[in-house]
There are 2 protein chains.
Amino acid sequence: MTDIKTMVNPLFLREEELRRGIELLFYAYRDFTAEPDAMLSRLGLGRAHHRVIYFVGRHPEITVTELLRILRITKQSLSRVLGDLVRKGYIVQRQGTRDRRQRLLELTERGRELERQLSENQRRRIARAYREAGAEAVEGFRTVLLGIMDPENRQLLLSAPPERTARAAR
Amino acid sequence: MTDIKTMVNPLFLREEELRRGIELLFYAYRDFTAEPDAMLSRLGLGRAHHRVIYFVGRHPEITVTELLRILRITKQSLSRVLGDLVRKGYIVQRQGTRDRRQRLLELTERGRELERQLSENQRRRIARAYREAGAEAVEGFRTVLLGIMDPENRQLLLSAPPERTARAAR
DNA sequence: ATAATACGTCAGTTATGTTGACACAGTCAC
DNA sequence: GTGACTGTGTCAACATAACTGACGTATTAT
């Protein structure tokens, strides 16, 4: 019988490697969201508001349905958060012209300013990480994260320019 | 005056690049947690339970304080979740020998089985992404995620073997 | 002996999500 | 044009996972 202690076990190494990946994602995400969360709570807002502000800023004229598809929450959940943001003057809605049932969402100047402040820390983090890691590592980072996503969502991020991305999801 | 339309703006490209990073993290995390969440809800558990099960499995004999430091939640929040898991027989606590105030946490056989099931999908995702991306990309992925984390948390993941990691955090 | 730590618990609150039901306006297919 | 479907909003009730603040007990450290 082989001595189990001295045996190199590729399955174990593989498992350890995958677990490190799981943890890395957890810790990075935890630290990535901590600062914006703290800023938001001072304004009486939460992470959910940040997500809406972010994606409306990213996809101007996005519709409610498109936003729901990105966030993967119910319209009732979105409604509360979106209502807060409209009431506080961060977002405006106007009727769609192509389809008048749609409400096209856009940041106000005030909304853009908040978005800038909230994402600044996150952009700084990523910028620092990219700079320290180098271009090749950045490419690997992107490739692996895309690989972790559901396959059907990948194209949207790869090809389409950001303003059209959400729309193309239909 | 320079024609703004034909000018290549490195600041804009940089911003676009960073935003892609932010989104990639959001989408990957969203898809990464979706399946375990669905499994958990069938058992009357939530993502918070998964995190506890995961880290207790990862760091056997972890103490409550150490777990709190990883999760970054209050002990009152942890208490409810941990209580559920103990009551349902997924986790056992015993008194520490070195310090009898401590409660050392460990998965039961049942807990290990649940952990395995929950993380299976996540490990498969990461394994697939790693395989498709290649070793170099994996290295880049890890480097960038470490760079995104708060600097003071990096060592813990780099050097220490997993069972000691949490303990060393003190 | 006193202070600090590890853990637990009670009570109340907030943020963010869920289901289900219903309404209305506008678009599409026939 | 009528009927079906779609986009949006809203009401109500509920679940989960976090929070703050206060207090208690056992144990360890100074």
Side-chain angles (χ1 to χ4, degrees), chain A residues 29-30 33-34 36-53 56 61-88 91-105 166-167 169-170, chain B residues 29-30 33-34 36-53 56 61-88 91-105 166-167 169-170:
Chain A
Y29 203 81
R30 182 196 67 179
T33 51
D37 282 358
M39 295 174 59
L40 285 155
S41 83
R42 276 174 239 131
L43 297 170
L45 301 174
R47 196 182 294 181
H49 299 90
H50 188 190
R51 289 196 283 253
V52 170
I53 285 178
V56 171
E61 303 209 327
I62 192 173
T63 68
V64 172
T65 306
E66 287 159 357
L67 190 50
L68 288 174
R69 245 192 297 262
I70 290 178
L71 299 175
R72 300 273 168 90
I73 58 176
T74 59
K75 67 175 173 176
Q76 294 91 328
S77 292
L78 175 57
S79 163
R80 188 172 3 87
V81 172
L82 192 52
D84 291 345
L85 293 172
V86 169
R87 234 173 294 112
K88 297 196 178 186
I91 287 182
V92 285
Q93 334 191 23
R94 30 173 255 278
Q95 201 170 50
T97 48
R98 203 192 52 194
D99 182 337
R100 285 180 309 178
R101 288 170 302 181
Q102 296 180 332
R103 297 284 173 274
L104 308 184
L105 307 176
R167 197 139 320 175
R170 132 144 36 131
Chain B
Y29 204 80
R30 182 196 67 179
T33 51
D37 282 358
M39 296 174 58
L40 286 155
S41 83
R42 277 174 238 130
L43 297 169
L45 301 174
R47 195 183 295 182
H49 298 91
H50 188 189
R51 290 197 282 253
V52 170
I53 286 179
V56 170
E61 303 210 326
I62 191 173
T63 68
V64 171
T65 306
E66 287 159 357
L67 191 49
L68 288 175
R69 245 191 297 260
I70 290 178
L71 299 175
R72 300 274 168 89
I73 58 176
T74 60
K75 67 176 173 177
Q76 294 92 325
S77 293
L78 175 58
S79 163
R80 185 177 7 88
V81 173
L82 192 53
D84 290 344
L85 294 172
V86 169
R87 235 172 294 113
K88 297 196 178 187
I91 287 182
V92 285
Q93 335 191 20
R94 28 174 256 278
Q95 200 169 50
T97 47
R98 202 191 54 192
D99 182 337
R100 285 180 310 178
R101 288 170 303 180
Q102 296 180 331
R103 297 284 172 275
L104 308 184
L105 307 176
R167 197 139 319 176
R170 135 139 38 129

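Numbered from 1 within each chain, the chains take letters A, B, ... in sequence-line order.
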Would you tell me if any nitrogen or oxygen in the side chain of A/R101 comes within less than 4.0 Å of OP1 or OP2 on C/dC24? no

To the nearest angstrom, the CD-C1' distance between A/Q102 and C/dA25 comes to 13 Å

Please state how far atom CZ in A/R100 lies from atom C1' in C/dT27, giving the value in whole angstrom units. 10 Å

About how many Å separate NE2 of B/H49 and CZ of B/R80, when rounded to the nearest 0.5 Å? 7.5 Å

Please give, in whole Å, the distance from D/dT20 C1' to B/I73 CD1? 15 Å

Exactly one of B/R47, B/R42, B/R51 should register a salt bridge (Lys or Arg N to Asp or Glu O under 4.0 Å) with B/D37. Which one does? B/R47

Phosphate oxygens OP1/OP2 of D/dT16: is one of them under 4.0 Å from a side-chain N or O of B/H49? no

Quick one: B/R98 CZ to C/dA6 C1', roughly how many Å, whole number? 12 Å

A/Q76 vs A/D99, nearer the 5' end of DNA chain D by closest nucleotide: A/D99

Base C/dG17 to side chain A/R80, donor-acceptor N/O within 3.5 Å cut-off: yes

Atom-pair distance (CG on B/L78; C1' on C/dA6), nearest Å: 13 Å

With a 4.0 Å cut-off on heavy atoms, is A/R47 in touch with a base, just the backbone sugar-phosphate, or nothing at all? sugar-phosphate

Kindly indicate whether the side chain of A/L68, heavy atoms from C-beta on, has any atom under 4.5 Å from the side chain of A/I73. yes

Ignoring hydrogens and geometry, is there a side-chain-to-backbone donor-acceptor pair from B/Q95 to B/R100 under 3.5 Å? yes

Between A/D37 (CG) and C/dT14 (P), how many Å, whole number? 18 Å

Atom pair CZ (B/R94) and CD (B/Q102), whose distance is rounded to the nearest 0.5 Å: 11.0 Å

Between C/dT16 (C1') and A/R72 (CZ): distance, integer Å: 18 Å

On DNA chain C, compare the nucleotides closest to A/R51 and A/T97; which residue's is nearer the 5' end? A/R51

Quick one: is B/S77 getting a side-chain N or O under 4.0 Å of the D/dA17 phosphate, OP1 or OP2? no

If the cut-off is 4.0 Å, is A/S79 near the phosphate of D/dG9, judged by side-chain N/O to OP1 or OP2? no

In whole angstrom, what separates A/R94's CZ from D/dT8's C1'? 16 Å

Any donor-acceptor pair, under 3.5 Å, between the side chain of A/K75 and the base of D/dG7, if you only look at N and O atoms? no

